[in-house]
Amino acid sequence: MFLLSDLKQTRVYQEAKQEGKQEGKQEGEVQLLVRQLSKRFGQIGDRRLQAINNLTIEQLENLGEALLDFTDSMELDRWLQSHISNF
């Protein structure tokens, strides 16, 4: 009989578990950044939200640091333009 503990040892299970953790981390980073940007600059437009949602975890972390130096929402646009080819 195949037990749950046996399933948890498989490579497929381990990869799915890791992928879920990464997705959760990315979603959390996006939510935090959107809250911070909204508090600082007001409502964030759909185009910006879509761009932020498509950033990698590393890019999200970099944006989190960069936003501390932003003085207006145009700096956010410039940052997104320099890090996303289709923004």
Side-chain angles (χ1 to χ4, degrees):
M1 178 176 259
F2 201 60
L3 301 173
L4 180 59
S5 60
D6 295 329
L7 176 64
K8 288 182 177 182
Q9 299 302 318
T10 64
R11 184 172 52 99
V12 172
Y13 178 88
Q14 294 297 323
E15 288 174 359
K17 183 178 175 182
Q18 184 62 30
E19 185 176 322
K21 285 181 181 180
Q22 288 293 93
E23 288 177 9
K25 181 178 179 180
Q26 186 168 2
E27 286 177 24
E29 296 250 357
V30 167
Q31 290 175 358
L32 176 62
L33 281 171
V34 168
R35 284 197 324 264
Q36 290 173 327
L37 290 165
S38 295
K39 184 168 179 85
R40 188 150 192 188
F41 303 122
Q43 185 175 3
I44 304 299
D46 289 340
R47 184 170 181 229
R48 289 175 179 153
L49 286 174
Q50 183 178 14
I52 292 168
N53 277 311
N54 290 323
L55 295 174
T56 66
I57 291 174
E58 183 179 354
Q59 289 172 317
L60 290 167
E61 291 171 349
N62 291 338
L63 177 55
E65 290 179 20
L67 78 85
L68 298 172
D69 296 325
F70 293 168
T71 57
D72 59 37
S73 61
M74 293 306 297
E75 289 189 60
L76 170 60
D77 289 340
R78 284 191 290 276
W79 190 95
L80 290 170
Q81 286 172 342
S82 70
H83 290 83
I84 301 173
S85 59
N86 61 350
F87 183 75

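Keep in mind it's a predicted model, so treat the numbers as computed, not measured.
Residues satisfying the side-chain hydrogen bond (donor to acceptor under 3.5 Å, both in side chains) criterion with Glu29, sequence neighbours excluded, are absent altogether. A search for side-chain hydrogen bond (donor to acceptor under 3.5 Å, both in side chains) contacts involving Asn62 returns nothing, not counting sequence neighbours. Applying the side-chain hydrogen bond (donor to acceptor under 3.5 Å, both in side chains) criterion to Gln26, with sequence neighbours excluded, gives no partner residue. Every residue two or more places apart in sequence or in another chain was checked for a side-chain hydrogen bond (donor to acceptor under 3.5 Å, both in side chains) with Ser38, and none qualifies. The side chain to side chain contact (heavy atoms under 4.5 Å, CB included) test applied to Gln36 returns Leu32, Leu33, Leu67, not counting sequence neighbours.
In this structure, Leu63 and Leu76 have side chains that are in contact, with non-hydrogen atoms separated by less than 4.5 Å. For the pair Leu55 and Val30, the minimum side-chain heavy-atom distance is 4.5 Å or more.
Sorted by first and then second residue, the pairs that involve residues 30-56 and meet salt bridge (Lys or Arg N to Asp or Glu O under 4.0 Å), not counting sequence neighbours, are Arg48-Asp77. Within the structure, every pair that satisfies the salt bridge (Lys or Arg N to Asp or Glu O under 4.0 Å) test and touches residues 56-76, not counting sequence neighbours, is listed here: Lys25-Glu61.
Separating the OG atom in Ser73 from the CG atom in Leu37 is a distance of 9.5 Å, to the nearest 0.5 Å. Once rounded to the nearest 0.5 Å, the distance linking CZ of Phe70 with CZ of Arg78 reads 9.0 Å.
With hydrophobic clusters built from ILVMFWY side chains whose heavy atoms lie under 4.5 angstrom apart, Ile52 does not share a cluster with Ile57.
For Gln50, the CD atom is loosely surrounded, since the number of other residues' heavy atoms within 6.0 Å does not exceed 12.
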